[in-house]
Amino acid sequence: MWTVDIYALLDQLEQLANSSKKMRFTNKILIDEDELLELVDQLRTAIPDEVRQCKRMLAERERIISTAQAEAERLREEAEKEVGRIINDQQLVEQARSQAEKIISEAEERARAITEGADEYARDVLRSLENMLSSQLNTVRNGLAQLESKEGTKA
């Protein structure tokens, strides 16, 4: 509705310019000052409050955009800090995992060495026992053989 009024006033201003007297040998015209000023006043009053509100809304929009950009920047910085913290945490976890693997590997190696040592000790003890038992067995056999030979001579 208000745009029609403004366009109508602009049409009147154009009509005033077209109907004004032209000065010879120039592109200039003579316009009635009172009519021109009256049309200008009508144009000023025809501009609705909505246009002024639009200016305020544009300013508010700019303020909101600026605030949103600042908030986005703050969130980005927070996210970068969090990523850095997570990376540090992951590095600590990876270091702990690596250390644990090293400890486990060393423990397994020690267990293997202890097992091998225990097996060798057991073999040595069993061989020694075998030698001792073998010697005892020989003694028992010799004793039996002597007894049997004594009995064989008595019969």
Side-chain angles (χ1 to χ4, degrees), residues 1-140:
M1 177 173 142
W2 58 269
T3 55
V4 174
D5 293 337
I6 291 173
Y7 284 120
L9 290 171
L10 288 172
D11 288 342
Q12 287 179 18
L13 186 60
E14 184 179 22
Q15 185 180 4
L16 177 65
N18 287 336
S19 65
S20 296
K21 294 182 182 176
K22 294 190 184 219
M23 296 179 67
R24 287 183 176 218
F25 308 112
T26 69
N27 285 339
K28 298 183 180 183
I29 56 173
L30 294 174
I31 296 179
D32 184 318
E33 183 179 5
D34 291 335
E35 281 184 66
L36 177 64
L37 292 176
E38 175 65 27
L39 282 172
V40 169
D41 283 342
Q42 288 178 20
L43 277 169
R44 278 195 185 117
T45 56
I47 296 175
D49 286 336
E50 286 83 8
V51 173
R52 289 182 196 97
Q53 287 176 352
C54 283
K55 285 183 181 181
R56 284 191 294 270
M57 287 173 56
L58 286 174
E60 180 66 11
R61 175 183 169 268
E62 291 300 318
R63 186 193 64 76
I64 290 171
I65 288 172
S66 176
T67 301
Q69 287 173 337
E71 179 67 10
E73 180 63 22
R74 185 188 66 76
L75 291 173
R76 185 190 61 78
E77 289 173 1
E78 276 184 26
E80 285 177 355
K81 286 179 186 176
E82 183 66 15
V83 165
R85 187 189 63 73
I86 289 170
I87 288 172
N88 286 339
D89 288 351
Q90 287 175 341
Q91 287 173 343
L92 289 174
V93 167
E94 187 58 37
Q95 288 173 353
R97 184 177 292 127
S98 176
Q99 187 67 24
E101 288 172 0
K102 181 180 176 185
I103 290 169
I104 290 169
S105 176
E106 289 174 358
E108 287 172 346
E109 180 61 28
R110 284 184 194 155
R112 188 189 57 74
I114 289 170
T115 302
E116 285 177 2
D119 287 348
E120 187 175 326
Y121 174 76
R123 263 191 305 275
D124 290 345
V125 167
L126 289 172
R127 280 190 186 124
S128 176
L129 183 59
E130 179 186 32
N131 288 337
M132 189 174 71
L133 288 174
S134 190
S135 172
Q136 293 287 330
L137 183 59
N138 283 335
T139 302
V140 169

Check whether any side-chain heavy atom of L10 sits under 4.5 Å from a side-chain heavy atom of L43, and report yes or no. yes
List, one per line, each side-chain donor-acceptor pair under 3.5 Å for residues 99-115, sequence neighbours excluded.
| from | atom 1 | to | atom 2 | distance (Å) |
| --- | --- | --- | --- | --- |
| E109 | OE1 | R112 | NE | 3.4 |
| E109 | OE1 | R112 | NH2 | 3.3 |
| E109 | OE2 | R112 | NH2 | 2.2 |
| R112 | NH1 | E116 | OE1 | 3.1 |
| R112 | NH1 | E116 | OE2 | 2.5 |
| T115 | OG1 | A111 | O | 2.7 |

Applying side chain to side chain contact (heavy atoms under 4.5 Å, CB included), run through D119 and R123 and close with a yes or a no. CA-CA 6 Å; D119 287 348; R123 263 191 305 275; 4.0 Å; yes
Atom pair OG/CZ of S66 and R61 - distance to nearest 0.5 Å: 12.0 Å
Taking atom CD as the centre, does E120 end up with more than 12 heavy-atom neighbours from other residues, nucleotides or ligands that are less than 6.0 angstrom away? no
So how far is it from R44 CZ to L9 CG, rounded to the nearest 0.5 Å? 12.5 Å
Quick one: CD on E35 to CG on L39, what's the gap to the nearest 0.5 Å? 7.5 Å
Using only atom types and a distance under 3.5 Å, with no angle test, would you say the side chain of S135 pairs donor to acceptor with the backbone of N131? no
Output yes when a side-chain donor or acceptor of S20 lies under 3.5 Å from a complementary backbone atom of L16, and no otherwise. yes
Spatial distance of atom CD1 (I29) from atom CE (M23) [nearest 0.5 Å]: 10.5 Å
Who are the side chain to side chain contact (heavy atoms under 4.5 Å, CB included) partners of I64, not counting sequence neighbours? E60
Using the rule side chain to side chain contact (heavy atoms under 4.5 Å, CB included), only one of L37, L36, L30 pairs with E33; which is it? L37
Pairing of E71 and R74 as salt bridge, 4.0 angstrom limit: yes
With the side chain counted from C-beta on, respond yes when L126 and E130 share a heavy-atom pair under 4.5 Å apart, and no when they do not. no
For the residue pair Q91 and I87, establish whether any side-chain heavy-atom pair is separated by less than 4.5 Å. yes
Residues E77, K81; criterion salt bridge (charged side-chain N to carboxylate O under 4.0 Å, His left out); working and verdict: CA-CA 6 Å; E77 289 173 1; K81 286 179 186 176; 5.7 Å; no
Side chains of Q90 and E94: is there a donor and an acceptor less than 3.5 Å apart? no
